[in-house]
Amino acid sequence: MSESPPILALERVSMAFGAVRALQDVSIDLRGGEIHALAGENGAGKSTLVKILAGVHRPDEGQVLLDGSPRDFRGPGDAQHAGVAVIYQEPTLFPDLSVAENIFMGRQPRAGLGRIDRRALRAQTAALFERLGVSLDPDRPARGLSIADQQIVEIAKALSRDARVLVMDEPTAALSGNEVARLFTVARTLREQGCALLFISHRLEEIFELCQRVTTLRDGRLIATEELQGITPDDLVQRMVGRELDTLYPKQDTTVGEAVLKVERLTREGVFTDVSFEVRTGEIVALAGLVGAGRSEVVRAVFGVDRYDAGSVTVGGRRLPGGSPTAAMSAGIALVPEDRRQQGLVMDGSIERNIGLTTLRALRRGPLVSRRAERDRAADWAIRLQLKYARLSDAVGVLSGGNQQKVVLAKWLSTEPTVLIVDEPTRGIDVGTKAEVHRLLSELAADGLAVLMISSDLPEVLGMADRVLVMYEGRLAAEIPRDEATEETVVAAATGRNRREAA
Amino acid sequence: MAPDAPVKTSSPGALPNPVTRLVRWDVIVTALLIVVFAGGALGTPDFATSDNLSFALDDLSEIALIALPMTLLVVAAEVDLSVASVLGLSSALLGALWDAGWAIETIIPLLIIVGAIAGLVNGLLVTRLGLPSLAVTIGTLTLYRGLAYVVLGTKAVAQFPQNYADLATKTVPGTPIPYPFALFIVAAIVTAVVLHATGAGRAIFATGAQEEAAFFAGIRVKRIKLLLFVVSGVVSAFAGAIYTLRYGSARADNGLGLELAVIAAVLLGGVDFDGGRGTLGGVVAGVLLIGLLRNLLMLRDVATEIQSIVTGLLLIVSVLTPRIIAGVREARRHPRGSISASSQ
Amino acid sequence: GGTTKKSSSGDNGAAATSGAKANPNAPIKKGLKVAFLPKQVNNPYETIVDKAGIAGAKEYGGTAKEVGPSDASASSQISYLNTLIQQQQDAILIAANDPNAVCGPLKQAMSRKIAVVTYDSDAAKECRDVFINQASSEEIGRSEIKVISDLIGGKGKIAILSATANATNQNTWIGFMKDELKKPEYAGIQLVKVAYGDDDDQKSFQQTQGLLQAYPDLKGIIAPTTVGIAAAARYVSASKYKGKVQVSGLGTPNQMRKFVKDGTVSKFELWNPGDLGYLASYAAAALASGQITGAQGEKFKAGRLGERTIGADGEVILGPPTVFDKNNIDNFHF
Amino acid sequence: MATITTTEAGAETGGGGRRLVDTVLRARELSILAALIVLVVVTTAANSSFLSQQGVKDIFLNASILALLAVGQTMVVITRNIDLSVGSVVGLVAFASGKFVLGHDRNIVLVLILGMAIGAVCGLVNGVLVSFFRVPALVVTLGTLYVIQGLDYYWAHGQQINAADVPNSLLELGSGSVLGIPYLPLITVVVMLAVGYYLRSYPSGREFYAIGSNPDAARLAGLSIRRRILTAYACSGILAGLAGVLWLARFGTVVADAAHGWELRVVAAVVVGGVAIVGGLGTVYGAALGALLLTTIGSVLVVLKVNSFWQDAISGLLLLLAISVDRLLSLRVTRALRRRNVRHGA
Ligand SMILES: Nc1ncnc2c1ncn2[C@@H]1O[C@H](COP(=O)(O)OP(=O)(O)OP(=O)(O)O)[C@@H](O)[C@H]1O
Ligand SMILES: Nc1ncnc2c1ncn2[C@@H]1O[C@H](COP(=O)(O)OP(=O)(O)OP(=O)(O)O)[C@@H](O)[C@H]1O
Ligand SMILES: [Mg+2]
Ligand SMILES: [Mg+2]
């Protein structure tokens, strides 16, 4: 298999954004019938490499080789014509168009006179969804899809291209087990058909499960390209991070205090029903469930971003007025939202301003905001979270995905909350930093913080939580203490197989 | 990008590269302003006289004043097209009430209340119903102008008390600066501080750049927007009083079409119409540039039509220049990467 | 004389320039700088007026120019006034968009010995030296009623289509029209509405159309504005109301020729706008040269128009308007 | 695993009937149509001549130029841009074609081509600036508004085109009719249907929506953004040019400032017609209906003998009412759809 010539390759490519050297002298080759993994810390340059393959960026130096001969992609269109399909790290949908149109934009099936054949469009979309094992309505608009569903549409879009090369930049970050399994099945089928695939993920077990070879980047430089057979996850981490990693889930023992956050019979019509739970100081509570179970919706309502129709939220004995994040914040709640690009960050704003946005009051000297305090605070958190950036005054939009997530964390941790709600806190974060975030959460809990964590990453749930709440179709299905929480019990509750218990 | 709201990473005013940050739009406008002033002072004898400058500044009073809240609104990604109509309504009311024998001291507070209500209506329609402000304020533009006619009809009221007329036209002793413009200077400083150095300003920028993220950060985006609309109404109404006293004439059609001049000045000052970007200094430079250039062209007997062409070209050039400079620099830095970098 | 406010009453209607005594025999100064400031530069009517005025200035050896805004607003006129004062013109001729708003700068101009003449649309009396009126306002108003009464046979509903609601000259005329209608001989005529077309062709057109729908039994429309009458005539000529509704008012022959020929319009009036500008130009020169001060009874020579006398309130009247109909319209080309 | 989309399951099983109902409920044009009907019914009740043959003809004649401009503007707005220069283009073209026909008996087709060519040039200037230099559309077109208007005024400077000098064949285009239907609305409807069909049924038409919906995604999808934006502006310019010629044909008398200030009316029509100002949403049918609604409001007030001074105020109020009702209806429909979907999902 490894004898076959590379379909698509990069040769000694370099790329810089202003002062940031995103890639330096990197080569990679993607062969037919092989799934190639790309590993590296946040900001290592993976997405930049993907964008060069996709024709979004043109490299400053080096070249793109297609079937062994140099090609100059002048735009994404060129790459697509050459048979390269890409799933980008951030979903890129057209919110106002239907899901089917999103998938086939620019390549719609035609009827007579060049018109769009809507019937075929719908049928082909339905077939794709069937292949992926999901039941989305091809006619619904993309607006309002959850992050996971958006990712599914992105995958369908890439598959529909029948490409020779499929590049996937963290396709699984927002997905839970079932969808991941489906995706892997499809990917393997494509491999068997002779496609070349590039796969990026921060979940190392996925890389080992799916891929044959791995290329590791560190700080924009190529570290190694090697067969996965014969190396261990620890070896891979060593290549990525440049040092050994102790443990991914450094859970500390804490003394659990009294309940600070009490949620009682919370209901938002048509979204979730009768949700009651409490979170105590010093405790990390995980909220698990399948994608779409309504976990994010519950915490959004708790934080006051959405209104609820019935029930109550109490913090430290005082009842919160619904629908006011400001009130929730002053009661000591912080919410790290799931969608960092829309909800977590002002993409145009600088790093320091984004971090300072939640603590404008604390940054005040007299009536004015102190720029020095703002900068110091940002610098402090940047160091604590190992943020990779050029200048604190750079827009967060130019940071790599994982580093953006760190800025969101910094922004909320700096409010020094008593209740910290994190929605998918480590989505898209590299192993090194993930361990760092876990240590941080665990330390904060040990210091008496109450943490409510939503995660689709089951090992993370099991590794970090003192208690696991499981949601199924908008209701709390189970509450599982740490020592009873296993993959089986959580999945059983999340898929509704233990409904009797939940009642 | 999630499909709910547009993330403005590629909005055209953005100059992502630190190198290009020096060729900012507002810097270019300020440079142009200096050039125009210097050119005028050297080439046109009547231009740099204190008489003429105070005329020119006085002429700008209302546009300049209204441009301040407009800047805040545009930074918050909204717009108020009804400002000129509020000015007209305020002028008509001032005339009607003065005619009915009220004292100016009682009328002006009333005008401010009316302005606040006018702004509140705009703000409530925008924040409560979630309507686009462009549409709402096109509607209230017609409504408020209509109310001005209802109030004053075809009448024109004149003969306002001399002491108030003086306040609106005389200059601050020892300077060529008319009182209304002096008021503008003070207001501009306050606005600049609020926008660029306070938490409220940070909140306005965040609201305009990404409303949802601002809301998630505990910023009361709706309240901020509502407040900005009210401020815009109040300032426009007050500008209406100045306008009336300055010209000594209250009419329902006062200030007709002023809104586009205000918006032109704000845009010329480099404020991004998509919100989240802009500086108040740029706007002040933009206002002065438009005003002084017009004055200069008039003194040189340049036809009014040409003035319009010059204004238009100025707008185009001011947005084009930074882009072209950035493009050229990029091309020089990355001969191969230029296309992708400039189309990022 | 003097430029103070109080001087506006009595026989000596208008303020005179800086208290100078008139010297009827003073020669017209050479090289006078004269500026026309119309309501709006792209108004065809004003263009005719100003062109003739500029030509007049050439006759007496002055240099004249036309400057002005492209929107008919007082505030833009004031910017121009300020500039003209800075430029030290000898005379400013203005068709005021607002009689009061332009007052301040005009007084300032007079205090700097700049002669101020208003034409077409007057400013407040104390703010100018002389007003050149195209025709007596009273005469225009009353004769409009007489014309329409003749056309509709003295009976029926009529409407007025004016320019903007604030136009001074329009409102003066409309005032006299209403007064004239009180006379017993017009008892059969009912004025149902004054509509405003804002001197905007399209809006005037739509207003006409609305009037006819709202009052299907309307007999006549008076449009005392050149834009309005053309729009009204055009709508009527292409609609089922042609021949049933009479259109009259003030219009230029070039504009109305087609509608007179096709029978939509039988009669309308106007003075010669060229003469208006010419007269105003000479009045300005006479003022600037000290021949007149603007007081009632003073006389000056206005080139080919002969000698003119200043009437009450500093007004000079051009003369009675011409009535155009299909017999004489081809003799006029403006 | 169906849990990903439990909430959507209903839509799958519902079938064609449901889809039809959804489409009807979601169609934003309907609420405008409803507002229009209410307005017409109320007015006719008060004054029956409103719906007379002449009355209907007048309304359609009045609306057609605005609607034509709204169709062009819609193409631009859908791509998340705006064209403020249309009013100036209409003025320029009306005057230019007036000069062109002055005293000559020019062929109508030639006049139309000339007008549309001038419009196309203006549109292309806007389009090139916006798409190639990627400068903000609002600033650029405000700039070209001033520039084109300045050129027009400078050229015209108080000249006037009189109906008497315009050839009858051209005037006939403005007031004549075929089978009782006046040409003007006919032209507008044909243009509207053509553009509407193109935008809905052709792949390149859908790209306009895609670009406005998410420009970044459009770039990544390899769509030719520049070409589409250029096309949108060119179309807007061409339609403005056409509108300019029709203006001359309809009104006969033209001074430089024809359609002065219309940019805001056109934008208002488009927005009232349910086209999202941030792009990606809306149809030309809605925009044309919006234009019809705005024009009708103007006529209704005169017909109802509303005091002249109240006319502006009331038409502003009606405009606000129209967009508010539209908004409230669509919020309600969205909520109803969510609730119903939920029931099916549970
Ligand atoms: N458009 C841009 N402008 C400036 N800098 C950029 C831009 N895009 C990426 N960078 C920088 O390039 C570097 C590499 O970013 P890239 O997105 O490729 O990282 P990544 O490996 O994909 O990280 P992650 O795992 O977090 O997604 C980062 O330092 C980032 O800040
Ligand atoms: N902004 C929105 N507008 C309308 N519907 C939404 C919106 N966000 C989410 N939904 C819908 O609500 C349902 C539940 O949302 P969501 O998928 O976020 O749940 P979740 O349990 O938090 O899952 P996850 O956190 O894994 O994304 C989904 O079916 C989604 O389509
Ligand atoms: Mg990445
Ligand atoms: Mg979620």
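Chain letters run A, B, ... following the sequence lines, proteins first and then strands; every chain starts at 1.
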Practice problem: Answer yes or no: does atom CZ of R300(B) have more than 12 heavy-atom neighbours from other residues, nucleotides or ligands under 6.0 Å? | Solution: no
Self-check item: Residue K33(C) excluded, over 12 heavy atoms near NZ under 6.0 Å
Solution: yes
Exercise. Can you see which heavy atom on S249(B) is nearest to which on N100(C), and at what distance?
Key: CB-CB, 3.8 Å
Quiz item: CZ of R251(B) to OG of S75(C): how many Å apart, nearest 0.5 Å?
Solution: 9.5 Å
Exercise. Can you measure from CD (Q159(B)) to SG (C103(C)) and round to the nearest 0.5 angstrom?
Key: 7.5 Å
Practice problem: Between chain B and each of A101(C), G104(C), P69(C), count heavy-atom pairs under 4.5 Å; write down the option with the most. | Solution: A101(C)
Quiz item: Using a heavy-atom distance cut-off of less than 4.5 Å, which residues of residues 36-49 of chain B contact chain C?
Solution: D46(B), T49(B)
Exercise. Would you please name every residue forming a side chain to side chain donor-acceptor pair (under 3.5 Å) with T169(B), sequence neighbours left out?
Key: none
Self-check item: Under 4.5 Å from any heavy atom of chain B - which part of Q40(C)
Solution: neither
Quiz item: With a 4.5 angstrom heavy-atom cut-off, which part of D198(C) approaches chain B: side chain, backbone, both or neither?
Solution: neither
Quiz item: Are V67(C) and T304(B) close enough that some pair of their side-chain heavy atoms sits under 4.5 Å apart?
Solution: no
Self-check item: Partners meeting ring-ring contact (aromatic ring centres under 6.0 Å, His included) with F131(C) (sequence neighbours left out)
Solution: none
Exercise. Tell me, for D59(B) versus chain C, whether the close heavy atoms (under 4.5 Å) come from the side chain, the backbone, both or neither.
Key: side chain
Quiz item: Is any NZ, NE, NH1 or NH2 atom of the basic residue among K155(B) and D98(C) found under 4.0 Å from an Asp or Glu carboxylate oxygen of the other?
Solution: no
Quiz prompt | Residues of residues 77-89 of chain C near chain B, each having a heavy atom less than 4.5 Å away | solution = I78(C), S79(C), Y80(C), N82(C), T83(C), Q86(C), Q87(C)
Quiz item: Out of A156(B), A158(B), A165(B), which one racks up the most heavy-atom pairs below 4.5 Å with chain C?
Solution: A158(B)
